[in-house]
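This report concerns only the one structure given below.
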Protein chains: 2
Amino acid sequence: MVTKSLLRLNSAMDSHAERRVHEGPGLPRAPIELLIRKLESIGTLSPTERDALRRLETVRVQVSTHHDIVREGDRPTTVSLLVHGLLCRYKIVADGKRQIMSFHIPGDLPDLPSLVIPIMDHSLCSLVASELALIPRAALLDLLAEQPQLAHLFWRDTLVDAAIFREWMVGIGRRSAFTRIAHLFCEMIARMRAVGLSSEHTVELPLTQTDIADALGLSTVHVNRTLQELRGAGLIKYSRGMLVAIDWPGLRSAGDFEQNYLHEQSGGKD
Amino acid sequence: MVTKSLLRLNSAMDSHAERRVHEGPGLPRAPIELLIRKLESIGTLSPTERDALRRLETVRVQVSTHHDIVREGDRPTTVSLLVHGLLCRYKIVADGKRQIMSFHIPGDLPDLPSLVIPIMDHSLCSLVASELALIPRAALLDLLAEQPQLAHLFWRDTLVDAAIFREWMVGIGRRSAFTRIAHLFCEMIARMRAVGLSSEHTVELPLTQTDIADALGLSTVHVNRTLQELRGAGLIKYSRGMLVAIDWPGLRSAGDFEQNYLHEQSGGKD
DNA sequence: CGCCCACTTGAACGTGTTCAAACGTCGTGG
DNA sequence: CCACGACGTTTGAACACGTTCAAGTGGGCG
């Protein structure tokens, strides 16, 4: 189901739902450090490259829940780095159903593809109130032209992205609802661990059951019942946006989860 | 269903199912010209870039039906350019079901991602007897290091690839079998038109019903019945590997097909 | 306090699956 | 030349996983 808020016509660039703050040096949790950590989770950065990244200037933006950051057909002039919150890519099909194609956690650059393919073929929206750091497209293009190894790493990031799409396709096409949901939870936990956003097997994942349904091609009713099964099987606890994998090995095997497609640099810890 | 042939243990590099021919100059239908046409369908090439591409040396290889060209876990040392035939990317899930994630037509570089992510997270196999031109990985890396614009275009190619994954996800997740199959046919026709492999709305597409089922997350039985519906609705003819869109506008609307996600350079003709 | 939204539950329904069998075609070998 | 096997396609019938519709509960926030 598509919510009214998803269809609002205000664009990210002129919305009152945003608050913009120019980023000075020395602010806590500097966005670029998050990006560096993300890039280092899938590859290596030289000190020169790290410094070059740190010289990027960004504009911090706050967006409210269910705010479209970019929309299908847009030609964004900035690339969004997610600092805090949760985003998703989605498309609406002919009869109004929504398909979510990916979730994005802090450190991600969900509209990085627009650097190379200027026109968006899908929309990007916040699932909770979130904070972004906008990187001007031109500045990033200049940086990548100067630093070919960095360009390679950004390319790599978009390829890991594609690998995640493929894995979701396998799930939607060939796995049961139970396995699909377990797999999604494994993936989100693994990705968050890789960038330090998880303690033990607990993560903050404020998805509604509708979000999960739209991501996995299910109905909310069935998601609800399947979540109860997962809880009943002693695999997870999940309430008020906190997901705990009580039985991590059990969840992995229930979800048929093989971490290799995430292409993490320093192989997972378990 | 997974066929025995998909599980054979011979690898592309040592199989008797291959015949290798070193590529001399002046052979008819030079593989690189195909690649150039493909790249020009999604962007522009300068004369310098075209010449640089033409200096790539390739090894021609023939592979038989259902031959694994690269397999999950491999680290290929060449990048495959499909010259003739039809390939697919696939994964096998825990209970033995196969999910096909993409089809590849002549001009495609299905394992291009291995240039940047050396280890394969899925397999690549031929659906009919096919011909490849293998480009040494190192040579291609050198070329892209010298020609940043060309590197951008290859990046772009992998991003269009990802856009196709997303569109398939939407289909598998949120569209009916009828719409899904119609959409697949539209996509294949559009892609083949873009590289000149289609006359009118007729294409050679030697897929079995099992291939279609595994690509769209359906059973072969249901694919069979849905194909009969598509024929009955006067939208297509499809036999012996030749697909004809009798009613192209009808097929497009039945398939909820919006061409934009293919990001073709010179906007489709209809 | 009252509304909105997310979650939960029940029951009927339907799209697509599974199992089973038969048919046609093509290539191979006796 | 025909018998045979392999494979793809077609059909029937029972079944199941997940959907849809509908109603009601619960919590957070203005």
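This is a predicted model, so every value here is computed, not measured. Values below: all heavy atoms of this structure, side chains included; hydrogens, waters and symmetry mates excluded.
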Open item on the list: Using the side-chain hydrogen bond (donor to acceptor under 3.5 Å, both in side chains) criterion, which residues pair with B:E167? Sequence neighbours excluded.
Closed with: A:K91, B:R175, B:H183

Distance-only criterion, 3.5 Å: show the donor-acceptor pairs between side-chain atoms of residues 230-238 of chain B and protein atoms not counting sequence neighbours.
unit_1 : atom_1 : unit_2 : atom_2 : d
B:R231 : NH1    : B:Y238 : O      : 2.9
B:Y238 : OH     : B:L205 : O      : 2.5
B:Y238 : OH     : B:L207 : N      : 3.4

Within the sub-3.5 Å range, which N or O atoms of nucleotides 10-17 of chain D have a protein N or O partner, and how far apart are they?
unit_1 : atom_1 : unit_2 : atom_2 : d
D:dT10 : OP2    : B:Q209 : NE2    : 2.7
D:dT10 : OP2    : B:N224 : ND2    : 2.8
D:dT10 : O5'    : B:N224 : ND2    : 3.3
D:dT11 : OP2    : B:Q228 : OE1    : 2.8
D:dT11 : OP2    : B:Q228 : NE2    : 2.8
D:dG12 : N7     : B:R225 : NH2    : 2.4
D:dA13 : N6     : B:R225 : NH1    : 3.4

Open item on the list: Suppose we screen for salt bridge (Lys or Arg N to Asp or Glu O under 4.0 Å). Which residues come up paired with B:R89, at least two apart in sequence or across chains?
Closed with: B:D161

Open item on the list: Among residues at least two apart in sequence or on other chains, which ones pass ring-ring contact (aromatic ring centres under 6.0 Å, His included) with B:F165?
Closed with: none

Open item on the list: Rounding to an integer number of Å, can you tell me how far A:L218 CG sits from D:dT20 C1'?
Closed with: 14 Å

TODO: Under the ring-ring contact (aromatic ring centres under 6.0 Å, His included) rule, collect the residues that match up with A:F178, sequence neighbours excluded.
DONE: none

Task: salt bridge (Lys or Arg N to Asp or Glu O under 4.0 Å) partners of B:E72, counting only residues at least two apart - done: none

Open item on the list: For DNA chain D, please output the secondary structure as dot-bracket, reading 5' to 3'. Pairs are Watson-Crick or G-U wobble, both atom distances under 3.5 Å; mark crossing pairs with [ ], other-strand partners with |, unpaired with a dot.
Closed with: ||||||||||||||||||||||||||||||

Task: Those residues that, when tested against B:D108, pass salt bridge (Lys or Arg N to Asp or Glu O under 4.0 Å) (two or more places apart) - done: B:K38, B:R191

Open item on the list: Walk along nucleotides 24-30 of chain D from 5' to 3' and tag each nucleotide B, S or - by protein heavy-atom contact under 4.0 Å, base first, then sugar-phosphate.
Closed with: -------

TODO: Measure from the side-chain N and O atoms of B:N224 to the backbone N and O of B:V221, and report whether any donor-acceptor pair falls under 3.5 Å.
DONE: no

- [ ] Let me see the working for B:W168 and B:E187 under side-chain hydrogen bond (donor to acceptor under 3.5 Å, both in side chains), right down to the final yes or no.
- [x] CA-CA 10 Å; B:W168 281 36; B:E187 179 185 308; 2.9 Å; yes

- [ ] Figure out the CG/P separation between A:D95 and C:dT15, and round it to whole Å.
- [x] 13 Å

TODO: Please report, rounded to the nearest Å, how far the C1' atom of D:dG8 is from the NE2 atom of B:H66.
DONE: 11 Å

Open item on the list: For a quick test of reading the model: is some side-chain N or O of B:K97 closer than 4.0 Å to OP1 or OP2 of C:dT17?
Closed with: no

Task: Pairs flagged by salt bridge (Lys or Arg N to Asp or Glu O under 4.0 Å) wherever residues 218-230 of chain A is involved - sequence neighbours left out - done: none

Open item on the list: What contact category does B:T208 fall into here, base, sugar-phosphate, or nothing, at under 4.0 angstrom with non-hydrogen atoms?
Closed with: sugar-phosphate

Task: Atom-pair distance (CD1 on A:I172; P on D:dT19), nearest Å - done: 12 Å

TODO: Check ring-ring contact (aromatic ring centres under 6.0 Å, His included) between A:H122 and all other residues, then give those that pass, not counting sequence neighbours.
DONE: none

- [ ] Classify the nucleic acid contact of A:G217 as base, sugar-phosphate or nothing, counting any heavy atom under 4.0 Å across all strands shown.
- [x] sugar-phosphate

- [ ] Please report, rounded to the nearest Å, how far the P atom of D:dG18 is from the CZ atom of B:R174.
- [x] 13 Å

- [ ] Report the distance from atom CG of B:D214 to atom C1' of C:dT17, rounded to the nearest whole Å.
- [x] 14 Å

